[in-house]
Amino acid sequence: MQTSVRELRKSYWSNFVVVDYARPSIQASYLITYYPHYAQMTLEILRLLWSEFSCDREVKACFFGAGPCPELVGLTQFLGDRSPKTRTLIANIYDIAAQRWTPSRLITQNYIIPKSWRGKLFLNSEKLDFGQKSAFENIQSIVQSQKLFVFQNCFNEIIDRSILLENINFLFDNASTDSFIIIADLLYPHNLIIFEEIDEMVDVREEIEVLQAGTLRVTSSLPIPQILKNNLLTGEDGLIPRSRINFRFLALRKGDRISHNYDDIPF
């Protein structure tokens with residue numbers, strides 16, 4: 001397992017990540033060393049939005065590049081803490097390696113989430129590469145009915161930024177009024193450029209409101225089991241337990257488009 005953890009960490013040192021997630025040892029390494037922190041990323045952002053992000057009895061959410069769905073864990077923990085009236089969550093998971101992540105996603109769905117949330121979860125998973133042109137057109141009707149969209153830790157696998165921005169712009173066009181968009185990723189130079197470009201895109205869209213934005217430094221609230229410290233994350237040869245995570249985020253809400261047509265205003 002130590003070999004797989006080293007391999008995974010080395011791959012994440014690059015601006016553009018290429019990992020064979022089909023290998024069980026790589027998925028296990030991800031679940032142990034990254035997954036808990038990534039779940040907390042989503043949770044901490046939602047906590048910042050608690051006064052704005054109100055939910056009904058049923059919530060529909062899309063997660064892009066979610067893999068084993070740590071973001072879903074963050075959302076369900078938030079719902080359990082702050083939205084007791086929410087009893088149903090319909091989660092649409094889109095990932096270029098959706099099929100490969102099935103074993104880990106089932107762990108999330110069947111074992112992790114039930115420990116923190118007692119509502120009904122309906123999880124739909126589909127292969128989707130939002131680095132491809134017009135990727136969201138086939139899910140347009142789904143986009144139009146969602147309360148929440150989450151892009152997290154997926155930008156460093158994007159090669160053509162212009163296509164990604166086109167797809168996000170399509171989402172902005174088709175998302176329903178009073179829907180929320182959360183974008184969060186690690187502080188790679190490539191990712192920061194994408195954030196700057198999204199900022200520029202948001203600036204010219206009057207109906208997209210920036211609720212929160214910036215950089216967060218989150219200390220893990222999950223203690224590392226002693227068995228992992230003794231046998232896996234021993235502190236030797238780079239196998240150091242991660243205690244905190246730094247990331248950039250952007251939390252948006254879509255409102256009503258402001259009209260500049262004043263011809264019918266009586267004066």
Side-chain angles (χ1 to χ4, degrees), residues 41-43 45-46 48-66 69 71-72 74-76 78-79 82-83 86 88-96 98 121-155 158 161-185 191 194-213 248-260:
M41 285 175 62
T42 314
L43 176 60
I45 296 170
L46 289 170
L48 292 176
L49 303 177
W50 72 270
S51 62
E52 292 98 351
F53 185 65
S54 60
C55 300
D56 296 327
R57 289 183 59 84
E58 179 181 275
V59 173
K60 296 179 180 180
C62 278
F63 301 85
F64 299 101
C69 308
E71 304 91 337
L72 189 54
L75 173 58
T76 53
F78 175 84
L79 293 176
R82 302 291 178 89
S83 185
T86 301
T88 302
L89 172 60
I90 301 173
N92 295 288
I93 312 299
Y94 299 103
D95 193 286
I96 192 173
L121 171 63
F122 298 92
L123 193 153
N124 310 304
S125 176
E126 184 177 330
K127 180 179 179 180
L128 185 143
D129 181 3
F130 51 85
Q132 294 294 317
K133 196 172 183 64
S134 304
F136 291 166
E137 290 186 1
N138 289 336
I139 61 169
Q140 183 176 10
S141 61
I142 294 176
V143 168
Q144 292 169 341
S145 66
Q146 304 300 292
K147 172 73 172 182
L148 174 67
F149 304 91
V150 179
F151 296 82
Q152 183 175 296
N153 296 334
C154 52
F155 286 165
I158 297 296
R161 300 196 311 272
S162 64
I163 292 178
L164 169 67
L165 295 173
E166 286 178 10
N167 287 328
I168 292 178
N169 202 48
F170 180 90
L171 187 145
F172 287 165
D173 285 338
N174 287 275
S176 62
T177 300
D178 201 35
S179 59
F180 293 75
I181 303 105
I182 291 176
I183 302 170
D185 218 313
N191 295 346
I194 293 176
F195 271 99
E196 291 176 1
E197 292 172 329
I198 294 174
D199 287 339
E200 293 173 359
M201 189 164 60
V202 169
D203 283 344
V204 299
R205 299 194 64 120
E206 296 170 339
E207 80 280 20
I208 304 296
E209 176 188 4
V210 178
L211 299 175
Q212 296 274 350
R248 177 83 177 269
F249 79 99
L250 186 60
L252 310 170
R253 175 169 55 196
K254 182 175 180 180
D256 294 315
R257 185 181 298 275
I258 300 173
S259 175
H260 288 295

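Starting from 1, each residue takes its place in the sequence as its number.
In plain terms, the two heavy atoms of Leu48 and Gln212 that are nearest each other are O-NE2, 3.8 Å. The minimum heavy-atom distance between Ile163 and Gly131, with the atom names listed, is CG2-O, 3.4 Å. Looking at every heavy atom in both residues, Asn167 comes nearest to Ser134 through OD1-N, 3.4 Å. Contact between Leu46 and Phe78 at its shortest, heavy atoms only, is O-CE1, 3.3 Å. Here the closest heavy-atom approach between residue Ile45 and residue Ala251 is recorded as CG2-CB, 4.5 Å.
Rounding to the nearest 0.5 angstrom, the gap separating the CD1 atom in Ile142 from the CZ atom in Phe136 is 11.5 Å. We find the NZ-CG distance between Lys133 and Leu164 to be 12.5 Å, quoted to the nearest 0.5 Å. In this structure, CG on Leu79 lies 5.0 Å from OG1 on Thr86, to the nearest 0.5 angstrom. A distance of 5.5 Å separates CG in Leu72 from CD1 in Ile93, rounded to the nearest 0.5 Å. The line from OG1 of Thr42 to CG of Leu75 is 8.0 Å long, rounded to the nearest 0.5 Å. With rounding to the nearest 0.5 angstrom, the CG atom of Leu165 is 7.0 Å from the CD1 atom of Ile194.
Partners of Glu197 according to the side-chain hydrogen bond (donor to acceptor under 3.5 Å, both in side chains) rule, which considers only residues two or more places apart in sequence or in another chain, are Arg161. A search for side-chain hydrogen bond (donor to acceptor under 3.5 Å, both in side chains) contacts involving Thr76 returns nothing, not counting sequence neighbours. Residues that satisfy the side chain to side chain contact (heavy atoms under 4.5 Å, CB included) test with Asp95, not counting sequence neighbours, are Ala97, Ala98, Trp101. In this structure, the salt bridge (charged side-chain N to carboxylate O under 4.0 Å, His left out) partners of Glu209, at least two apart in sequence or on a different chain, are Arg253. Take Ser179 and apply the side chain to side chain contact (heavy atoms under 4.5 Å, CB included) test, not counting sequence neighbours, and it matches Phe149, Ala175, Ser176, Lys254. Not counting sequence neighbours, the partners of Asp185 by the side-chain hydrogen bond (donor to acceptor under 3.5 Å, both in side chains) test are Asn191. For Asp178, the salt bridge (charged side-chain N to carboxylate O under 4.0 Å, His left out) partners are Lys147, not counting sequence neighbours. Applying the salt bridge (charged side-chain N to carboxylate O under 4.0 Å, His left out) test to Arg82 and every residue at least two apart in sequence or in another chain returns nothing. With sequence neighbours left out, the side-chain hydrogen bond (donor to acceptor under 3.5 Å, both in side chains) criterion links Gln140 to Asn174. Remark: Asn169 engages Phe172, Asp173, Met201, Arg205 in a side chain to side chain contact (heavy atoms under 4.5 Å, CB included) (not counting sequence neighbours). Residues passing the salt bridge (charged side-chain N to carboxylate O under 4.0 Å, His left out) test with Lys127, sequence neighbours excluded: none.
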- Message: As a quick check of understanding, evaluate side chain to side chain contact (heavy atoms under 4.5 Å, CB included) for Phe180 and Val150, giving each step before the final call.
- Response: CA-CA 8 Å; Phe180 293 75; Val150 179; over 6 Å; no
- Query: For Leu171 and Ile181, what are the C-alpha separation, side-chain angles and deciding distance, and is it a side chain to side chain contact (heavy atoms under 4.5 Å, CB included)?
  - Reply: CA-CA 9 Å; Leu171 187 145; Ile181 303 105; 3.9 Å; yes
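Taking the side chain as every heavy atom from C-beta outward, Val202 and Val210 approach each other to under 4.5 Å. Here the side chains of Leu89 and Phe122 are not in contact, with every heavy-atom distance at 4.5 Å or above.
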Distance-only check: which donor-acceptor pairs under 3.5 Å involve side-chain atoms of residues 49-66, not counting sequence neighbours?
none

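Here the rule is ring pair (Phe, Tyr, Trp, His ring centres under 6.0 Å) with Phe151, and of Phe130, Phe195, Phe249 only Phe130 fits it.
The main-chain N or O of Asn124 is never found under 3.5 Å from a side-chain atom of Asn92 such that the two would form a donor-acceptor pair.
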